Amino acid sequence: MNNFLDINKTSPGDLRRIIDDARAMKDARKDAPKGMPDAEQPLAGRMVALIFEKPSTRTRVSFDVGVRQMGGQTLVLSGSEMQLGHGETIADTARVMSRYVDLIMIRTFEEQTLLEMAEHATVPVINGLTNRTHPCQIMADVMTFEEHRGPIRGRKVVWSGDGNNVFASFAHAAGQFGFDLTFTGPETLDPEQVFLDEARAKGVNVTIERDPAKAVQGADLVVTDTWVSMHDPVSARERRHNQLRGYQVNEALMSQAKPDALFMHCLPAHRDDEATSAVMDGPHSVIFDEAENRLHAQKAIMRWCLGV
Ligand code: CP
Ligand code: NVA
């Protein structure tokens, strides 16, 4: 039984197997209707709980569809409607849920909630985003990069904007998959140092460059995300926008990257804030492939967790 809690907690060999498996499952379905079961049914007889303490479109739908394609069943639960949201401990919730389901995916606020769930559950737990990381997203992003451009090892990825949870999982991935990573954004929104140090310790170049035009020189991939995450206070919106305005990904910035650079955004986006519509809908963008690949990557993650 394996938990999928973060990219730095899964071995590089297992991460590679998950990406390869995702690719194979995607290829095997080709243009099959979305509701058509996969030829193999590795989740037959399995029940999967999807717990959301924050909103979601992609994570919710892609996990639900993925389980069904593999022959399993899902329970989609909102944290606020569970006793979890009304004082029952995470540990008790984990123990109880483990008596009913075979796998738990949780999207929550504090990382500690995820860790406690994993500690006390007797079934695998998957991180569907916390305030601190978003590993399933970056597995889909690595898969997407490699589909378009081949191995990500040795490539240069540039993140422009807020040093948030999605950036953190990119930093984990840099260390595990072996690519260079540059962060460009205001000092006030720098990522936690530990994410940078850990990737550097694995031998990849991780740099901070305040000038976005310099940062994207030689980039194979430019990535951004919302300037205000779900856990950020609404009152911080204006201040964040003022600090981040200079880090918008627009056509002028993309023209400084490699000519064949890709553009990614995990979505949901605030069009014409963190990235212009011209970039999002332009020739560098693979944002909808990223969204699709959440489905395939997570199917492979669930198989790995259950060993099926
Ligand atoms: N990218 C992502 O996780 O999207 P949702 O918030 O819609 O799940
Ligand atoms: N950084 C964003 C990602 C959403 C998928 C958030 O946490 O709100």
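Both ligands and their constituent atoms are indexed starting at 1 by order of listing. Keep in mind it's a predicted model, so treat the numbers as computed, not measured.
Asn131 contributes no side-chain N or O that, together with a main-chain N or O of His231, makes up a donor-acceptor pair within less than 3.5 Å. A donor-acceptor contact shorter than 3.5 Å links the side chain of Arg200 to the backbone of Val206. Remark: the backbone N or O of Arg23 is not paired with any side-chain donor or acceptor of His296 at under 3.5 angstrom.
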Could you list, one pair per line, each nitrogen or oxygen of ligand 2 together with any protein nitrogen or oxygen closer than 3.5 Å, giving atom names and the distance rounded to 0.1 Å?
{"residue": "ligand 2", "atom": "1 (N)", "partner": "Asn164", "partner atom": "ND2", "Å": "3.4"}
{"residue": "ligand 2", "atom": "1 (N)", "partner": "Asn165", "partner atom": "OD1", "Å": "2.9"}
{"residue": "ligand 2", "atom": "1 (N)", "partner": "Asp225", "partner atom": "OD2", "Å": "2.7"}
{"residue": "ligand 2", "atom": "1 (N)", "partner": "Ser229", "partner atom": "OG", "Å": "2.7"}
{"residue": "ligand 2", "atom": "7 (O)", "partner": "Asn165", "partner atom": "ND2", "Å": "2.8"}
{"residue": "ligand 2", "atom": "8 (O)", "partner": "Met230", "partner atom": "N", "Å": "2.8"}

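Under 4.0 angstrom from ligand 1, there are no non-hydrogen atoms of Lys54. At a 4.0 Å heavy-atom cut-off, ligand 1 touches Gln137 through the side chain alone. The part of Leu267 lying near ligand 1 is the backbone, judged by heavy-atom distances below 4.0 Å.
Some N or O of Arg58 is nearer than 3.5 Å to an N or O of ligand 1, by distance alone. On a distance-only criterion, Cys266 and ligand 1 share at least one N/O pair closer than 3.5 Å.
In terms of protein heavy-atom proximity, atom 6 (O) of ligand 1 is closest to Arg107 NH1, 2.8 Å. In terms of protein heavy atoms, atom 2 (C) of ligand 1 is closest to Arg294 NH1, 3.3 Å.
Ionic pairing of Arg132 and Glu192 is present here: one or more N-O contacts between side-chain nitrogen and carboxylate oxygen are shorter than 4.0 angstrom. Salt bridge absent: Arg245 and Asp273 never bring a charged side-chain N and a carboxylate O closer than 4.0 Å. With respect to Arg271 and Asp281, a salt bridge is recorded, a charged nitrogen being found less than 4.0 Å from a carboxylate O.
Ligand 1 is approached by His134 to a heavy-atom distance shorter than 4.0 Å.
Side-chain contact between Leu267 and Met280: present, with at least one pair of heavy atoms (C-beta onward) separated by less than 4.5 Å. Residues Trp227 and His270 have side chains not in contact (no heavy-atom distance under 4.5 Å, counting atoms from C-beta outward).
Residue Thr57 has at least one heavy-atom neighbour below 4.0 Å for each of these atoms of ligand 1: 5 (P), 7 (O), 8 (O).
Shown here for Val204 and Ala174, the closest heavy-atom pair between the two residues is CG1-O, 3.5 Å.
By the salt bridge (Lys or Arg N to Asp or Glu O under 4.0 Å) test, Asp220 pairs with Arg155, Lys258, sequence neighbours left out.
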